[in-house]
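Working notes, structure below.
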Amino acid sequence: MKRILIFLMTVVLIFACPITVLAEDASRSYLFELSVDGEDTKQVKTGDVITIVFKLYRTDSMEAYDMYAMQNEIRYDSEFFRLVEGSELLSDGINTTDIGLLDEYREFYMNFVSLSGGEKWNAQKLIGSISLEVIGQSGVSRITNQDYVVSTADGQDHYVAECQDVTIIISTDCTVTFESNGGTAVPMQTILYGEKIKCPEDPEREGYQFVGWYADIDLKDEWDFEQDTVEKNMVLYAKWQVAEDNAIGVDGDGTGRTNGSLWWLLVLGLFGILLLIQLCVFGKKVVRFETGCQEKVKSQKIKKNGYAIRPKEPKCTGRMFVGWYCNEERTIPWDFENQKVKKNMTLYAKWM
């Protein structure tokens, strides 16, 4: 009975939570362009340092316009590239942070938020650039735009946008690794760029049935060995489901019953959906710290209406740190314990 109540409560919570989905406004359109040496493809060697340039184009008009808010997450493979520390060159007002993901990828996050009701931008705008050292030994990798958005004035919608990614080539021999997620090991394959992966023998896992191979760690993009071709070094992830003979048990009186683990999988799955909905509703906001001196403080990515974490006090020779303030004039102090983060923002260090 307790399990049933938990299940029903979870369902009620899911359908009770409002879902905010940003609509597309077709009155403007944009192109998020990544390039290296002005091209979208580059042949490199291990040890080379490449500069990735991010430009934003308004594609429906060449006229200047008011920019209210913009973001892009530049995703790269941390086993193929290493971010050159301090290499970023940015236009005025652009905030950044480098974020590690659950898999081998990282994202260099760039965003802009106008605090004065919009800022005039040209139809072609250089947002910034970063340098990456090539540490991969072979194969191909792609540097991609993720979650790219140009917001409308009220923040409720976003404009139509498309993107251009970058392909970096050391050699045409791409490495395909199989992550069996608890199953038996599957040998790595070396596949030529543009060719198909050879479907391996299914791995085995006690108590589970193999479902298939997926190109993403979230197990949403199933790999089609008959149609899909290799465009980069990559990892395929195994997806499993509880075996039927492990999901159904028999009580001492011989009646069928559902295994408790299946109930908990259902509850946890629904709880995960609830968390995703909450992320859609609240999102994450970037809090940037401007020290005004040589010492830097890392940016934080905070869930909307969450609390920023008070960082370690910066040091500046001959000056005493007073605190963090939410305006450039350093007249409004920020209360980490009581004030919530509602938008992307910058906190400014005050010194005496």
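- Remark: side-chain polar atoms of S151 are not paired, donor with acceptor, to backbone N or O of H158 under 3.5 angstrom.
- Taking the side chain as every heavy atom from C-beta outward, L132 and V84 never approach each other to under 4.5 Å.
- In summary, the aromatic rings of Y325 and W334 are positioned with their centroids too far apart to meet the 6.0 Å limit.
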(request) Please step through side chain to side chain contact (heavy atoms under 4.5 Å, CB included) for the pair F336 and I309, ending with a clear verdict. (result) CA-CA 7 Å; F336 286 89; I309 301 171; over 6 Å; no
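- Taken together through direct or relayed side-chain contacts under 4.5 Å among Ile, Leu, Val, Met, Phe, Trp and Tyr, V235 and L219 form part of one hydrophobic cluster.
- Contact annotation: the side chain of V53 approaches that of L126 to within less than 4.5 Å [non-hydrogen atoms, C-beta and beyond].
- Side-chain contact between Y348 and C326 is absent, with no heavy-atom pair separated by less than 4.5 Å.
- Among all heavy-atom pairs drawn from Y193 and V140, the shortest one is CD1-CG2, 3.7 Å.
- Taking the six-membered ring for Trp, W324 and F321 have ring centres closer than 6.0 Å.
- Between the side chains of T177 and E179, no donor-acceptor pair is found at a separation under 3.5 Å.
- Side chains of D173 and S171: a donor-acceptor N/O pair is absent below 3.5 angstrom, by distance only.
- I170 and I50 fall within a single hydrophobic cluster, where Ile, Leu, Val, Met, Phe, Trp and Tyr side chains are chained together by heavy-atom contacts under 4.5 Å.
- Although no hydrogens or angles enter the test, the distance criterion places no donor-acceptor pair under 3.5 Å between the side chain of Q241 and the main chain of Q209.
- Side chain of N122 to backbone of K125: no donor-acceptor contact under 3.5 angstrom is found.
- The side-chain heavy atoms of P203 and W240, taken from C-beta on, include a pair separated by under 4.5 Å.
- Residues passing the side-chain contact (heavy atoms from CB on, under 4.5 Å) test with D40, sequence neighbours excluded: Q164.
- Side-chain rings of Y214 and W223 stay apart, their centers remaining 6.0 Å or farther from each other.
- No continuous path of ILVMFWY side-chain contacts below 4.5 Å connects L347 to Y307, so the two sit in separate hydrophobic clusters.
- Around the CD atom of Q43, the shell of radius 6.0 Å holds more than 12 heavy atoms that belong to other residues, nucleotides or ligands.
- Taking the charged nitrogens against the carboxylate oxygens, R310 and E337 do have a contact shorter than 4.0 Å, which makes a salt bridge.
- Using a 4.5 Å cut-off between side-chain heavy atoms of Ile, Leu, Val, Met, Phe, Trp and Tyr, with links allowed through other members, V211 and Y237 fall into the same hydrophobic cluster.
- K342 is not listed as a side-chain neighbour of K285, based on a closest heavy-atom distance of 4.5 Å or more.
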(message) As a quick check of understanding, evaluate salt bridge (charged side-chain N to carboxylate O under 4.0 Å, His left out) for E73 and K301, giving each step before the final call.
(response) CA-CA 13 Å; E73 297 175 3; K301 204 168 186 182; 3.3 Å; yes
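- Salt bridge annotation for R82-E133: present, with a cationic side-chain nitrogen under 4.0 angstrom from a carboxylate oxygen.
- Distance check: I130 CD1 to L34 CG gives 8.5 Å after rounding to the nearest 0.5 Å.
- For the pair Q156 and D154, the tightest heavy-atom approach, listed with the atom from each and the gap, is N-OD1, 2.9 Å.
- Taking the centre of each ring, Y159 and Y65 stay at or above the 6.0 Å mark.
- What you find for T331 and P333 is that their closest heavy atoms are O-CD, 3.6 Å.
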(request) Show the numbers, then the answer: is there a side chain to side chain contact (heavy atoms under 4.5 Å, CB included) between N145 and D165? (result) CA-CA 6 Å; N145 303 270; D165 300 329; 2.8 Å; yes
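- Closest heavy-atom contact between S114 and M67: CB-O, 3.8 Å.
- Judged by distance alone, the side chains of S29 and T59 do bring a donor and an acceptor atom under 3.5 Å apart.
- Counting heavy atoms from C-beta on, the side chains of E231 and R142 come closer than 4.5 Å.
- Within a 6.0 Å sphere centred on CD of E204, heavy atoms belonging to other residues, nucleotides or ligands number 12 at most.
- Between K120 and D66 there is a salt bridge, since at least one side-chain N of the basic residue sits less than 4.0 Å from a carboxylate O of the acidic one.
- A salt bridge does not link R28 to D60: none of the charged side-chain nitrogens sits closer than 4.0 Å to a carboxylate oxygen.
- Here the shortest heavy-atom pairing between N233 and S138 reads ND2-O, 2.9 Å.
- Here the CG-CZ distance, from L90 to F54, works out to 11.0 Å after rounding to the nearest 0.5 Å.
- Looking at D216, its side chain does come within 3.5 Å of a backbone N or O of K220 through a donor-acceptor pair.
- Checked against a 6.0 Å centroid threshold, the rings of F210 and W213 count as neighbours.
- Note on L83: it does not cluster hydrophobically with V286, by side-chain heavy-atom contacts below 4.5 Å among ILVMFWY residues.
- Using a cutoff of 4.0 Å between basic side-chain nitrogens and carboxylate oxygens, K296 and E88 are not scored as salt-bridged.
- From I74, atom CD1 reaches atom CD of Q146 across 10.5 Å, with rounding to the nearest 0.5 Å.
- Here the side chain of S35 pairs no donor or acceptor atom with the backbone of E39 at under 3.5 angstrom.
- S78 places a side-chain N or O within donor-acceptor distance of the main-chain N or O of E104, the cut-off being under 3.5 Å.
- Of the possible donor and acceptor atoms, none in the side chain of E195 sits under 3.5 Å from a partner among the backbone N and O of I191.
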(request) Dump the intermediate steps for salt bridge (charged side-chain N to carboxylate O under 4.0 Å, His left out) on D98 and R106, then the final yes or no. (result) CA-CA 7 Å; D98 190 49; R106 298 187 67 86; 2.9 Å; yes
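- Not one N or O on the side chain of S299 forms a donor-acceptor pair closer than 3.5 Å with the backbone of R288.
- Using a 4.0 Å cut-off between a side-chain N of Lys or Arg and a carboxylate O of Asp or Glu, R75 and E107 qualify as a salt bridge.
- Proximity of a side-chain donor or acceptor of S141 to a complementary backbone N or O of K232 within less than 3.5 Å is not detected.
- Considering only heavy atoms from C-beta on, Q71 comes within 4.5 Å of D147 through its side chain.
- Pairing each heavy atom of M110 with each of S129, the nearest pair is CE-N, 4.2 Å.
- Within the 4.5 Å cutoff, the side chain of V36 has heavy atoms near those of the I168 side chain.
- Side-chain atoms of N344 never come within 3.5 Å of backbone atoms of V113 as a donor-acceptor pair (strictly under, hydrogens ignored).
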(message) For N72 and I127: C-alpha separation, side-chain torsions, deciding distance, then whether side chain to side chain contact (heavy atoms under 4.5 Å, CB included) applies.
(response) CA-CA 10 Å; N72 190 17; I127 305 299; over 6 Å; no
(message) Set out, in order, the CA-CA distance, both residues' side-chain angles and the distance that settles side chain to side chain contact (heavy atoms under 4.5 Å, CB included) for T46 and I135, then state yes or no.
(response) CA-CA 6 Å; T46 302; I135 60 175; 5.7 Å; no
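- Counting only residues at least two apart or on different chains, the ring pair (Phe, Tyr, Trp, His ring centres under 6.0 Å) pairs with a member in residues 98-154 are F32-Y148, F112-W121.
- Taking CE from M234 and CD from Q189, the interatomic distance works out to 11.0 Å, rounded to the nearest 0.5 Å.
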